[in-house]
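For reference, the structure discussed in these notes is given below.
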Amino acid sequence: MRFVIIGAGRVGLRTARVLQEEGHEVTLVERDAAKADRARDQGYTVVEGDGSRETILEEAGIGEADAVGALTGDLNVNFAACMIGKHLGARTVLRIDEDYREEIYRKYAAEVDEIVYPERLGAIGAKNALLGGDIRAIADIAQNLQVVELTVTDEAPIRGYSISELQLPANATVLAFGKAEGSLGIPTPDESLENGDRIVVLADFDVLDAVRKLVVGDASRAAAGGVS
């Protein structure tokens with residue numbers, strides 16, 4: 001697949017690296033000369049210029065792109081690039097910073113295919129380190145949804161139950177399950193939940209603390225802040 005990434009900063013370069021490693025064709029657009037040169041030195045194809053200008057995006061091949069990732073720190077540039085990409089039939093991904101207002105988020109969410117906010121994803125990594133090994137945030141899906149991986153402990157109220165007997169809160173659902181020494185997969189109803197087993201759950205932020213108490217059973221840590 002072909003991708004055009006607007007912005008060769010930290011987020012743009014990391015995204016480009018992952019895509020290229022998977023065999024995709026990536027072109028970066030960057031208006032800062034130093035950043036553009038740095039990206040070229042790392043082997044990326046770079047078009048130097050303003051990513052909100054259609055002529056620059058056309059030079060980057062946006063007309064043939066499967067998707068556009070507008071990943072600069074400038075929301076106006078990102079939105080303009082997405083609108084151009086949308087007009088040309090590309091999938092559009094818009095970066096928006098963590099300090100957005102909800103009404104602004106809603107406005108942009110209706111215009112693009114996907115919104116990402118890397119600062120929040122960075123916070124997930126820090127949160128994982130603070131929480132330790134029993135629960136690991138994987139991704140924020142929306143403002144109120146998160147995917148988490150939890151490890152069953154000896155103190156877990158659900159230990160010894162089967163998947164079919166697991167009763168999570170209404171706004172939570174099991175996505176995947178893996179035995180302690182196995183890989184994650186689609187859960188089967190008769191699987192028994194034992195110490196060290198892992199469960200991947202999609203849950204509303206409001207019920208994450210309750211989910212943690214069921215699966216991990218560490219009430220003291222949950223009371224100290226949960227995973228929200």
Problem set entry | Close side-chain approach of L150 and V200, heavy atoms under 4.5 Å | no

Exercise. For the side chain of D37 and the backbone of A34, is there at least one donor-acceptor N/O pair under 3.5 Å apart?
Worked result: no

Problem set entry | Stepwise side chain to side chain contact (heavy atoms under 4.5 Å, CB included) check, T173 with L168 | CA-CA 7 Å; T173 186; L168 295 178; 5.9 Å; no

For this session: State, to 0.1 Å, how close P157 and L214 come at their nearest heavy-atom pair, and which atoms those are.
Result: CD-O, 3.1 Å

Exercise. Between L75 and I96, is any pair of side-chain heavy atoms under 4.5 Å apart?
Worked result: yes

Exercise. Quick check: does any side chain N or O of T153 sit under 3.5 Å from a backbone N or O of V216, one acting as donor and the other as acceptor?
Worked result: yes

Exercise. Would you say D204's side chain and N171's backbone share a donor-acceptor pair under 3.5 angstrom?
Worked result: no

Exercise. Checking N78 side chain against L94 main chain: does a donor-acceptor pair fall under 3.5 Å?
Worked result: no

For this session: Answer yes or no: is there a side-chain heavy-atom contact under 4.5 Å between I163 and P189?
Result: no

Exercise. In Å, rounded to the nearest 0.5 Å, how long is the span from CZ of R91 to CE of M1?
Worked result: 9.0 Å

Exercise. How long is the gap from CG on D66 to CD on E25, to the nearest 0.5 Å?
Worked result: 9.5 Å

For this session: In plain terms, say whether R38 and E30 are close enough for a salt bridge, that is, a side-chain N and a carboxylate O under 4.0 Å apart.
Result: no

Problem set entry | Atom of G160, atom of S192 and distance for their closest heavy-atom approach | O-OG, 4.0 Å

Exercise. Under a 4.5 Å cut-off applied to non-hydrogen side-chain atoms, are E149 and V215 in contact?
Worked result: no

Exercise. Atom CD in E59, atom CZ in R53: separation rounded to 0.5 Å?
Worked result: 10.0 Å

For this session: Give a yes or no on whether the backbone of D113 and the side-chain of T92 come within a donor-acceptor separation of less than 3.5 Å.
Result: yes

Problem set entry | Residues D197, K179: salt bridge by 4.0 Å N-O rule | yes

Seminar exercise, completed: Rounded to the nearest 0.5 Å, the CG atom of L193 sits from the OH atom of Y161 at a distance of 10.5 Å

Exercise. Any sub-3.5 Å donor-acceptor pair from E21's side-chain atoms to V18's backbone N or O?
Worked result: no

Exercise. Any sub-3.5 Å donor-acceptor pair from H24's side-chain atoms to R2's backbone N or O?
Worked result: no

Seminar exercise, completed: From the list L184, V148, L166, side-chain contact (heavy atoms from CB on, under 4.5 Å) with I199 holds only for L166

Exercise. Are any of the side-chain heavy atoms of I5 and Y44 separated by less than 4.5 Å?
Worked result: no

Exercise. At their closest point, which heavy atom of A172 faces which heavy atom of A203, and how far apart are they?
Worked result: CB-CB, 3.8 Å

Exercise. So which residues get pulled into I56's cluster when ILVMFWY side chains under 4.5 Å apart are joined, directly or through others?
Worked result: V4, I6, V29, V47, L57, I62, V68, V77, I84, L88

Exercise. Would you say the side-chain atoms of R159 pair up with the backbone N or O of D154, donor to acceptor, closer than 3.5 Å?
Worked result: yes

For this session: Evaluate the side-chain hydrogen bond (donor to acceptor under 3.5 Å, both in side chains) criterion for residues D50 and S52: first the C-alpha distance (whole Å), next the side-chain angles of each, then the deciding distance (0.1 Å), finally the verdict.
Result: CA-CA 5 Å; D50 185 347; S52 65; 2.8 Å; yes

Exercise. CD1/I158 to CD/E194 distance, rounded to the nearest 0.5 angstrom?
Worked result: 10.0 Å

Exercise. Step by step, would you call Q42 with R17 a side chain to side chain contact (heavy atoms under 4.5 Å, CB included)?
Worked result: CA-CA 10 Å; Q42 294 181 33; R17 182 180 305 117; 3.9 Å; yes

For this session: Salt-bridge test for K86 and E111: reply yes if a basic N is under 4.0 Å from a carboxylate O, no otherwise.
Result: yes

Exercise. Does the salt bridge (charged side-chain N to carboxylate O under 4.0 Å, His left out) test come out yes or no for R40 and E48, once each step is laid out?
Worked result: CA-CA 10 Å; R40 291 191 188 97; E48 192 171 329; 3.5 Å; yes

Exercise. What are the two closest non-hydrogen atoms of L175 and P187, and how far apart are they?
Worked result: O-CD, 3.8 Å

Seminar exercise, completed: When V46, T45, T15 are each screened for side-chain contact (heavy atoms from CB on, under 4.5 Å) with L28, the one that passes is V46

For this session: Kindly determine whether V112 and C82 satisfy side chain to side chain contact (heavy atoms under 4.5 Å, CB included), including the steps that lead there.
Result: CA-CA 7 Å; V112 300; C82 282; 3.8 Å; yes

For this session: Verify, without hydrogens or angle tests, whether R198 (side chain) and G182 (backbone) share a donor-acceptor contact under 3.5 angstrom.
Result: yes

Exercise. So, does R95 use its side chain to make a donor-acceptor pair with the main chain of L71 at under 3.5 Å?
Worked result: yes

Problem set entry | Separation of F177 CZ from I186 CD1 (nearest 0.5 Å) | 12.5 Å

